[in-house]
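Report on one structure; see the data block that follows.
Positions are given from 1 along the sequence. Just follow the structure's listing: the first ligand is 1, and inside any ligand the first atom is 1.
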Amino acid sequence: MTYKNFTVETDADGIALVTWNMPDKSMNVFTLEVMDEIEKIVDQTVADEAVKGVVFTSGKSTFSGGADLTMIKGMFSMIDEEKARDPDNAIKKLFDAAGRMSWLWRKIETNGKPWVAAINGTCMGGAFELSLSCHGRVASNAKSVKMALPEVKVGIFPGAGGTQRVSRLAGTQDALQMMTTGQSLTASRAKAMNLVHQVVEPDQLIPAAKQMIKDGLKPVAPWDEKGFKVPGGGIWTPAAAQLWPAASAILRRETAGNYPAALAILKSVYEGLQVPFETGLRIEQRYFTEIVQTTEAFSMIRSLFVSMQELGKGARRPAGVPKSEFNKVGVVGAGFMGASIAYVTAAAGIPVVLIDRDIEAATKGKTHSESLVAGAVGKGKMSREEGEKLLSLITPSADYASLSDADLVVEAVFEDRDVKKAVIEAVEAVLPEGSIFASNTSTLPITGLAKNSKRPAQFIGVHFFSPVEKMMLTEVILGKETGDKAIAVALDYVAAIRKTPIVVNDTRGFYVNRCVFRYINEAYDMLIEGVPAVMIENAAKMAGMPVGPLSLNDEVAVDLSQKIMKASIADLGEAAVVPGHMTLINKMVDELDRRGRKNGKGFYEYPAKPAKKFLWPGLKDLFAQKKADDVDVKVIQQRLLVTIALEAARTMEEGIVTDPREADVGSILGFGFAPYTGGTLSYIDGIGVRTFVELCEKLAAAYGDHFKPTPLLKEMAEKGETFYGRFNPYAESAKAA
Ligand code: NAD
């Protein structure tokens with residue numbers, strides 16, 4: 001029998017080698033067709049008496065990335081369609097669809113012949129669950145081998161037996177930690193957790209897997225053997241009595257109850273370990289059916305999986321511009337940002353010229369890369385040769401002539417119009433005609449800067465976030481005259497350095513910083529009202545934000561806020577800044593010298609390590625304090641999320657952001673906007689535009705006009721619209737189809 005996605009070759013020992021190699025994909029993923037073929041392979045190998053056992057592996061460098069997003073998307077549209085068509089049976093159908101993979105893997109486990117998974121590379125989600133249903137697992141010790149059940153990161157959980165098998169193989173605590181965080185395991189860690197049987201050299205993978213079968217591997221899972229005992233003894237033991245209350249408390253601390261899928265993992269394991277294995281599978285299937293219907297699962301999958309991939313693959317790239325090759329990138333300004341931009345560019349294998357005012361400053365910029373490389377080599381994350389190669393790609397220089405063959409120049413000099421003007425002119429004097437100039441400015445409008453350029457069509461903003469090495473987002477800012485080639489080159493560059501781009505039209509603060517400043521401003525309002533600072537910070541975390549607004553302000557630098565506020569007043573007039581905010585920040589900076597983390601004092605105190613930072617007690621004396629009982633924590637949470645989401649809605653209304661996917665992904669990657677919501681606009685769509693508008697009106701009445709819903713929101717509420725409906729990112733492709 002032949003298959004589209006698999007080859008099956010049986011050797012002289014009767015071992016069938018099943019190799020998964022999808023012809024039209026760079027990575028193997030589960031589709032309905034793949035699952036149908038696996039089912040046929042099980043039937044074929046069971047029926048064929050010559051086959052004694054099966055080794056299942058991949059023909060690609062990775063094993064598999066798990067489920068295909070079109071399959072998951074299909075499940076969501078199925079729920080909607082079925083609920084409309086046949087509401088009584090819709091959930092039953094969903095339950096059956098959710099169980100398809102789980103029971104197919106169970107069929108492998110109980111087919112009667114031994115199966116061994118030969119894990120040659122990244123093995124994620126459903127693919128790792130398939131491996132767990134095999135009777136033996138051998139993994140290669142190559143660095144690229146990673147195993148994980150990462151579903152929780154996109155709002156769902158391992159629903160193809162993962163919760164039941166991992167908790168019956170590994171210790172409960174390890175199992176819960178692995179699944180509730182979605183962490184990746186190296187082959188040796190997986191072996192230590194009892195999740196794989198052997199770890200071997202890459203070239204020994206298939207022979208070792210076959211040998212397991214030749215050595216008489218029993219085609220029976222441990223839990224199907226009589227007398228099976230859960231590691232550690234199961235739920236009714238003194239150890240479990242200690243573990244479970246702590247586990248749910250830790251989960252609550254880490255997620256504030258915002259992630260239903262993480263809780264479903266705890267429930268599936270807790271309940272599943274008390275019943276026979278197949279009943280456990282059914283419990284998992286029941287919770288999975290419940291979780292896929294949550295707004296959190298829908299929104300997280302859409303933003304963190306589908307949209308992120310689409311934006312990463314250039315969803316906003318203009319068609320018709322040939323793909324860019326980067327033979328040389330110039331970075332001008334070897335300071336805090338420029339030094340890091342040079343590093344990430346060289347890390348992508350692109351030669352970089354790093355320019356500053358003199359060779360000493362440029363060379364100092366390169367030392368940043370040298371210390372990052374030394375750190376990575378020291379931790380074994382990079383080989384010495386890889387480190388040397390990376391550093392050899394960075395050439396410090398003070399001579400603009402070395403940009404005469406650059407494809408792209410990224411400018412990261414002082415945030416000063418005159419300095420930038422001089423640099424633009426100096427660069428353009430040598431840069432080839434067709435090359436692109438990108439500014440990393442964080443506050444100066446691109447259209448204004450482009451006035452200094454001889455070729456504004458080739459002028460664009462590429463706005464990085466600090467720390468550049470860690471932050472996955474880059475804002476690509478379009479000036480009024482920016483042309484398609486500049487957009488394409490900027491997006492190709494962002495893709496080359498493996499970051500996710502959002503394309504934003506020109507405005508003060510662009511998208512991310514506009515939202516961030518709303519968050520911080522709301523905290524200023526709260527401080528002025530006398531809300532205890534600790535309640536502001538904790539409520540922010542309870543709302544799902546990774547850092548409180550005061551802590552964030554300290555990171556950004558309080559004096560930078562002051563600079564930006566003063567610039568806004570200078571450019572737009574007094575009304576541009578709330579007077580109380582200016583008074584507070586002037587006091588913090590000018591009177592108290594509390595500039596943030598960088599000078600060791602801001603809204604927080606920063607004692608010498610290992611002591612942890614703590615809120616500056618003096619904050620209490622700045623404003624008359626409300627009693628904690630008089631503050632509604634729920635309202636504090638709402639104010640923080642709503643003020644940001646409302647700003648995101650304004651940017652859509654103004655045409656600054658044009659695609660809801662970018663607003664959502666930008667908010668999560670840019671400043672960690674409560675990921676369980678799927679991002680700023682998914683948050684509004686998720687609670688419903690009408691409900692959001694009512695909430696804004698209520699908050700506006702109590703806390704000020706900045707909460708007033710915008711005309712667009714009111715219109716959408718009236719018409720019952722959503723952002724993803726009104727600004728449908730797929731409208732064009734749907735028309736074309
Ligand atoms: P920085 O002061 O650390 O570095 C600026 C560098 O530019 C210095 O090394 C300086 O010597 C060099 N420079 C100044 N004039 C020059 C000239 N004429 N020719 C060559 N080099 C010159 O500043 P930074 O924090 O790296 O910021 C740089 C840019 O990045 C600014 O536009 C800033 O707004 C933007 N930005 C900063 C951040 C951040 O978090 N710091 C984030 C995003 C964007």
What are the distances between nitrogen or oxygen atoms of ligand 1 and protein nitrogen or oxygen atoms, counting only those under 3.5 Å?
{"residue": "ligand 1", "atom": "3 (O)", "partner": "Phe336", "partner atom": "N", "Å": "2.9"}
{"residue": "ligand 1", "atom": "9 (O)", "partner": "Gly335", "partner atom": "N", "Å": "3.3"}
{"residue": "ligand 1", "atom": "9 (O)", "partner": "Asp356", "partner atom": "OD2", "Å": "2.7"}
{"residue": "ligand 1", "atom": "11 (O)", "partner": "Asp356", "partner atom": "OD1", "Å": "2.7"}
{"residue": "ligand 1", "atom": "11 (O)", "partner": "Asp356", "partner atom": "OD2", "Å": "3.4"}
{"residue": "ligand 1", "atom": "11 (O)", "partner": "Arg357", "partner atom": "NE", "Å": "3.4"}
{"residue": "ligand 1", "atom": "11 (O)", "partner": "Arg357", "partner atom": "NH2", "Å": "3.1"}
{"residue": "ligand 1", "atom": "19 (N)", "partner": "Tyr400", "partner atom": "OH", "Å": "3.2"}
{"residue": "ligand 1", "atom": "21 (N)", "partner": "Asp356", "partner atom": "OD1", "Å": "3.4"}
{"residue": "ligand 1", "atom": "26 (O)", "partner": "Phe336", "partner atom": "N", "Å": "3.4"}
{"residue": "ligand 1", "atom": "26 (O)", "partner": "Met337", "partner atom": "N", "Å": "2.8"}
{"residue": "ligand 1", "atom": "30 (O)", "partner": "Asn440", "partner atom": "ND2", "Å": "3.0"}
{"residue": "ligand 1", "atom": "32 (O)", "partner": "Val413", "partner atom": "O", "Å": "3.4"}
{"residue": "ligand 1", "atom": "32 (O)", "partner": "Glu415", "partner atom": "OE1", "Å": "2.5"}
{"residue": "ligand 1", "atom": "32 (O)", "partner": "Lys420", "partner atom": "NZ", "Å": "2.7"}
{"residue": "ligand 1", "atom": "34 (O)", "partner": "Glu415", "partner atom": "OE1", "Å": "2.9"}
{"residue": "ligand 1", "atom": "34 (O)", "partner": "Glu415", "partner atom": "OE2", "Å": "3.4"}
{"residue": "ligand 1", "atom": "34 (O)", "partner": "Ser442", "partner atom": "N", "Å": "3.4"}
{"residue": "ligand 1", "atom": "34 (O)", "partner": "Ser442", "partner atom": "OG", "Å": "2.7"}

message: I'd like to know if Lys364 pairs up with Glu370 as an ion pair, taking the criterion as any Lys NZ or Arg NE/NH1/NH2 lying under 4.0 Å from an Asp or Glu carboxylate oxygen.
response: no
task: Among Arg597, Arg594, Lys612, find the one that has a salt bridge (Lys or Arg N to Asp or Glu O under 4.0 Å) with Glu605.
output: Arg594
query: Would you call Lys454 and Glu428 a salt bridge, taking side-chain N to carboxylate O under 4.0 Å as the test?
result: no
field: salt bridge (Lys or Arg N to Asp or Glu O under 4.0 Å), paired with Arg595, selected from Asp554, Asp590, Asp559
entry: Asp559
statement: Those residues at least two apart in sequence (or on a different chain) that pass salt bridge (charged side-chain N to carboxylate O under 4.0 Å, His left out) with Glu469 are none
message: Strictly below 4.0 Å, N to O, side chains only: are Glu386 and Lys389 in salt-bridge contact?
response: no
